[in-house]
Amino acid sequence: MNATTSTAIGAAASTTGAPPIAGAQPLPLDVFALDAALRRTEPQKIIEIALALFPGRIAAVSSFGTESVVLLHLIAQVNPATAVVFLDTGHLFPETLAYRDQLTELLGLTQVLTVTPDPAALAARDAGNGLWADDPDTCCALRKVEPLARALAPYSAWINGRKRYQAQTRSTIPVVEGDGARVKFNPLATMAREDLLAYMEQHKLPHHPLEKHGFLSIGCMPCTSRVKPGEDPRAGRWRGRAKTECGIHLGEGI
């Protein structure tokens, strides 16, 4: 273990000094100290430290959408056996499923875990598959938030690919944060779109096949549209609604 990793782990081991929230489970380390220690650290080093802090108890979560390949490539460089959770909502583009398979093989990822909604819950709450149009928040809860909560149950921490530049609602995300009883790592938080494209070019990484058609942030097919020039990359998600997040990054049941 090198000096950077040792320093970060040592900082995280201290307590926050903040009063506990009634009924809340304590986090396994001081996320504020760890964020302060890592906020100027390279993404791959953040991933190395995250895996060192939580051996066997951390998973990455990926949509296998546009830009996902950068995080997945970095993880593969550190440990390709890292668990990667993929949420197949039943509404995804076929191109996304094909891209998942392509990247899994290309990067040598050996533990990509495809998670689906509970069949009984689908039958009871969305038998006609039209919930996305009538109540997208409940649809996301049923098809993404609840399945992810089940998938992350064995883990103490998780890694995701959010970036600050993607939307105003993400402009201040830290590198490390608490997420219920888990620690959440955002190793790409400070990367700009240009940085991601340069990384993909440097490593000859394939783009999501829908990106060339104007889809810059890709989720479920019914709720994803092309992004217009000048819009932020997530403007095509839930277009025409106030909704900006599916819920998995809002601590809703995770």
What is the minimum heavy-atom distance between V183 and F54, and which atoms define it? CG2-CZ, 3.9 Å
State yes or no: do V145 and L122 share one hydrophobic cluster built from I, L, V, M, F, W and Y residues joined by side-chain heavy-atom distances below 4.5 Å, directly or via other members? no
State, yes or no, whether a side-chain contact exists between T96 and H208 at a heavy-atom distance under 4.5 Å. yes
According to a 4.5 Å side-chain heavy-atom criterion applied to Ile, Leu, Val, Met, Phe, Trp and Tyr, with indirect links allowed, do L74 and L197 form part of one hydrophobic cluster? no
Search all heavy atoms of D179 against all heavy atoms of W158 and return the closest pair with its distance. OD2-NE1, 3.1 Å
Nearest 0.5 Å, please: how far is CD1 in I218 from OH in Y99? 9.0 Å
Taking atom CZ of R57 and atom CZ of R182, what is their separation to the nearest 0.5 Å? 12.0 Å
Rounded to the nearest 0.5 Å, how far does CG of L142 lie from CG of D137? 12.5 Å
If we only count heavy atoms from C-beta on, is the F185 to L53 side-chain gap below 4.5 Å? yes
Smallest heavy-atom separation, E231 atom then R226 atom, equals OE1-O, 4.5 Å
Could you check T190 against R164 for side-chain contact (heavy atoms from CB on, under 4.5 Å), going step by step and ending with a plain yes or no? CA-CA 6 Å; T190 62; R164 293 173 185 166; 3.4 Å; yes
Closest contact, heavy atoms only, L109 versus L103: CD1-O, 4.4 Å
What are the two closest non-hydrogen atoms of V69 and P206, and how far apart are they? CG1-O, 3.9 Å
Taking Q102's backbone N and O only, do any of them form a donor-acceptor pair with E105's side chain (distance below 3.5 Å, no angle check)? no
Specify whether F86 and F64 have parallel, tilted or perpendicular ring planes, treating 30° as the upper limit for parallel and 60° as the lower limit for perpendicular. perpendicular
Any sub-3.5 Å donor-acceptor pair from D35's side-chain atoms to P174's backbone N or O? no
Is it true that K45 and E42 make a salt bridge, defined as a side-chain N closer than 4.0 Å to a carboxylate O? no
Taking side-chain hydrogen bond (donor to acceptor under 3.5 Å, both in side chains) as the cut-off, I'd like each qualifying pair that reaches into residues 106-118, sequence neighbours left out, listed once. R100-T114
State, yes or no, whether a side-chain contact exists between L92 and M221 at a heavy-atom distance under 4.5 Å. no
Please tell me if the side chains of R241 and P136 come closer than 4.5 Å, counting only heavy atoms from C-beta onward. yes
From CA spacing to verdict: side-chain contact (heavy atoms from CB on, under 4.5 Å), M191, E67: CA-CA 11 Å; M191 293 187 74; E67 304 175 351; over 6 Å; no
When rounded to the nearest 0.5 Å, the distance separating CH2 of W132 from SG of C140 is 12.0 Å
Co-membership, hydrophobic cluster, residues Y155 and V115, 4.5 Å side-chain: yes
Taking D134 for the side chain and L131 for the main chain, is one N or O donor matched with an acceptor at less than 3.5 Å? no
Going by heavy atoms in the side chains, are L210 and T224 under 4.5 Å from each other? no
Is there a side-chain contact (heavy atoms from CB on, under 4.5 Å) between L148 and L87? Walk through the geometry before answering. CA-CA 7 Å; L148 183 60; L87 297 171; 4.1 Å; yes
Gap between atom OG1 of T41 and atom CD1 of I49 - 0.5 Å precision: 5.5 Å
K212 bridged to E95 by N-O distance under 4.0 Å: no
A side-chain contact here means heavy atoms from C-beta on lying under 4.5 Å apart; do P117 and D126 qualify? no
Do E48 and V78 touch side chain to side chain, with heavy atoms closer than 4.5 Å? yes
Is it true that Y199 and H73 share a donor-acceptor pair across their side chains at a distance under 3.5 Å? yes
Indicate yes or no: at least one non-hydrogen side-chain atom of K184 is less than 4.5 angstrom from one of V176. no
Smallest heavy-atom separation, P55 atom then A52 atom, equals CD-O, 3.3 Å
Atom CG of L188 and atom CD1 of I47: how far apart are they, to the nearest 0.5 Å? 6.5 Å
Go through I75 and L71 one step at a time and tell me if the side-chain contact (heavy atoms from CB on, under 4.5 Å) criterion holds. CA-CA 6 Å; I75 289 171; L71 178 65; 3.9 Å; yes
